[in-house]
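By convention here, the first residue in the shown sequence is residue 1.
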Amino acid sequence: MDEFIKINYDSDRPTILGRDLHELLEVKTAYKDWFPRMCEYGFTEGVDFNPLKIERVQMEGTRYVTREMQDHQLTIDMAKEICMLQRTEKGKQARQYFIQIEADWNSPERVLERARMIEDRKRLSIRNELKTHNKALADAAHDAGVIESRDYAIFQNRGYQGLYGGMGRKEIHQHKGLKKSQDILDHMGSTELAANLFRATQTEEKLRKEQIRGKEQANQTHYEVGAKVRKTMQEISGTLPEDLPTPEKSIKQIEREQKKLENK
């Protein structure tokens, strides 16, 4: 679809700038007078539009200057109604264009695409939280007496075994069908990551609060917390962590895609 006017897709629904619409409709009245008049038709700030400041370069005398101007982010619904109010051929064309934008936005393909994007963002967010809390968990385990790297690997494995019904890191890795170089945490959906985040935060809390000491006691604590998280999942949703689907994209792939978008 050719772009008739710039559409913003950064929020949870498509929007346009009021000044862009004003220019497109070839309105003779100044924007500062025209927009308040349009709002008299029952449009509500925070629902149909949001005010914002923009910078525009314009010719003043013999030179270009940058001025801060008042603008508004309009919903497509509001834009359609304003087009209809103009009763012009340009308004009719713009309204038809916005109807097409809405149809495209609400198509099954676009809805699924947005759902995937939301899931990707959730996965990235929880994975980053888990990285932070794993460091805190490592510190708490160290204070409890888990000093050596080999001992910490055993400690971590016990947490996985509690959460995954006896499956340790190696078994989870095999269960997901991952390559040797792939990290299991990078191949979990948001629900599975959240379960592991809860396991990590609650184990750290318990180790510190109860001042648990000794490798065996720390390992047992991690196992028991993992098992309780597993039981809670079973009671609430009936789905165990190992039965949750493995996403097609890894966290690393999502990160690469986001960097590409940021660099555009």
Candidate pair E257 and K249, rule salt bridge (charged side-chain N to carboxylate O under 4.0 Å, His left out), full reasoning: CA-CA 10 Å; E257 288 174 3; K249 288 192 290 188; 3.0 Å; yes

Quick check: is L163 connected to M167 through a chain of hydrophobic side chains (ILVMFWY, heavy atoms under 4.5 Å apart)? yes

Do D48 and T75 meet the criterion of a side-chain donor-acceptor pair at a distance under 3.5 Å? no

Shared ILVMFWY cluster between I118 and L197, side chains joined below 4.5 angstrom? no

Residues K259, E255; criterion salt bridge (charged side-chain N to carboxylate O under 4.0 Å, His left out); working and verdict: CA-CA 6 Å; K259 282 180 182 177; E255 287 174 336; over 6 Å; no

Backbone of Q217 reached by a side-chain donor or acceptor of H222 within 3.5 Å: no

Looking at every heavy atom in both A30 and H22, which two are closest together, and how far apart are they? C-NE2, 3.9 Å

Taking the side chain as everything from C-beta on, heavy atoms only, tell me whether L21 gets closer than 4.5 Å to C83. yes

Among pairs that include at least one residue of residues 40-76, which meet ring-ring contact (aromatic ring centres under 6.0 Å, His included), considering only residues two or more places apart or in two chains? Y31-H72, F35-F49, F35-H72, F49-H72

Would R110 count as a cation-pi partner of Y9, with NZ or CZ less than 6.0 Å from the six-membered ring centre and within 45° of the ring normal? yes

Flag the pair K6 and D20 as a salt bridge only when some basic side-chain nitrogen lies within less than 4.0 angstrom of an acidic carboxylate oxygen. no

Donor-acceptor under 3.5 Å (N128 side chain, L124 main chain): yes

Per side chain to side chain donor-acceptor pair (under 3.5 Å), D186 is matched among R123, K252, Q253 by K252

Is any side-chain heavy atom of F198 closer than 4.5 Å to one of T232? no

Find the distance between CD1 (I54) and CG (D71) and round it off to the nearest 0.5 Å. 4.0 Å

Has Q86 got a side-chain atom pairing as donor or acceptor with I82's backbone, closer than 3.5 angstrom? yes

Taking every heavy atom of K215 against every heavy atom of G145, the minimum-distance pair comes out as CG-O, 3.3 Å

G91 and L25: which non-hydrogen atoms are nearest, and at how many Å? CA-CD2, 3.6 Å

Pair D183-R127, salt bridge (charged side-chain N to carboxylate O under 4.0 Å, His left out): steps then yes or no: CA-CA 12 Å; D183 188 332; R127 180 68 178 97; 3.7 Å; yes

Minimal heavy-atom distance between F155 and A218, with the atoms involved, is CE1-O, 3.4 Å

Going through the checks in order, is the side chain to side chain contact (heavy atoms under 4.5 Å, CB included) test met by R121 and Q258? CA-CA 10 Å; R121 285 197 293 267; Q258 285 211 340; 4.3 Å; yes

Exam field: side chain Q211 to backbone R208, donor-acceptor pair closer than 3.5 Å: no

Are there more than 12 heavy atoms of other residues, nucleotides or ligands under 6.0 Å from atom CD of E89? yes

Atom pair CG (N219) and CG (N157), whose distance is rounded to the nearest 0.5 Å: 9.5 Å

What closest approach, in Å, do F4 and A94 show between heavy atoms, and which atom pair accounts for it? CE2-CA, 3.5 Å

For V47 and M78: C-alpha separation, side-chain torsions, deciding distance, then whether side chain to side chain contact (heavy atoms under 4.5 Å, CB included) applies. CA-CA 10 Å; V47 178; M78 180 175 178; over 6 Å; no

Would you say M188 and I126 are hydrophobically clustered, going by side-chain heavy atoms of ILVMFWY under 4.5 Å? yes

M233 and L244: side chain to side chain contact (heavy atoms under 4.5 Å, CB included), yes or no, with the steps? CA-CA 11 Å; M233 290 180 71; L244 291 166; 4.1 Å; yes

Distance col, row R199:CZ vs Q156:CD, nearest 0.5 angstrom, shows 5.5 Å

Note, N134 side chain near T132 side chain (heavy atom, < 4.5 Å): no

Pairwise side-chain contact, W105 with R114, heavy-atom cut-off 4.5 Å (strictly under): yes

Can you tell whether the side chains of E102 and K80 come within less than 4.0 Å, N to carboxylate O? yes

Do the non-hydrogen side-chain atoms of V65 and R63 ever get within less than 4.5 Å of each other? yes

Among side-chain atoms of S190 and E119, is any donor-acceptor pair under 3.5 angstrom? yes

Should the pair R19 and W34 be classed as cation-pi, given the thresholds of under 6.0 Å to the six-membered ring centre and 45° from the axis? no

Between the side chains of K209 and E205, is the shortest nitrogen-to-carboxylate-oxygen separation below 4.0 Å, so that they form an ion pair? no

Find out if a path of hydrophobic residues (ILVMFWY) with successive side-chain heavy-atom gaps under 4.5 Å connects V27 to I5. yes

Take atom NZ in K131; do more than 12 heavy atoms of anything else shown fall under 6.0 Å from it? yes

Here the gap from Q182 atom CD to H173 atom NE2, rounded to the nearest 0.5 Å, amounts to 6.5 Å

Is it true that atom CD of E248 has more than 12 heavy atoms of other residues, nucleotides or ligands lying nearer than 6.0 Å? no

Side chains of I184 and L178, heavy atoms from C-beta outward: is any pair under 4.5 Å? yes

Go through the steps for N8 and I16 under the test side chain to side chain contact (heavy atoms under 4.5 Å, CB included), then give the verdict. CA-CA 6 Å; N8 173 39; I16 63 165; over 6 Å; no

Any donor-acceptor pair under 3.5 Å linking the side-chain atoms of R158 with those of Q161? yes

If I take atom CG from residue L207 and atom NE2 from residue H142, how far apart are they, to the nearest 0.5 angstrom? 13.5 Å

Pair Q70-K32, side-chain donor/acceptor within less than 3.5 Å: no

Heavy-atom neighbours of Q93 CD exceed 12 at 6.0 Å: yes

By the definition side chain to side chain donor-acceptor pair (under 3.5 Å), identify the one residue from H175, R230, E192 that meets it with Y164. E192

Within the structure provided, determine whether L193 and K122 are in side-chain contact (heavy-atom separation under 4.5 Å). no

Check whether more than 12 heavy atoms from other residues, nucleotides or ligands sit under 6.0 Å from atom NZ of K176, and answer yes or no. yes

Start with the C-alpha gap between Q220 and E224, add the side-chain angles, then the distance that decides, and say whether side chain to side chain donor-acceptor pair (under 3.5 Å) holds. CA-CA 6 Å; Q220 186 60 26; E224 288 172 359; 3.2 Å; yes

Using the ring of Y160 (Phe, Tyr or Trp, six-membered ring only), decide whether R169 places NZ or CZ under 6.0 Å from its centre and within 45 degrees of its axis. no

Treating Ile, Leu, Val, Met, Phe, Trp and Tyr as nodes and any side-chain heavy-atom pair under 4.5 angstrom as an edge, say whether V229 and L185 lie in one connected cluster. yes

How long is the span from the CD1 atom in I7 to the OG1 atom in T15, to the nearest 0.5 Å? 8.0 Å

Do L74 and N50 have side chains that approach each other closer than 4.5 Å (heavy atoms only, starting at C-beta)? no

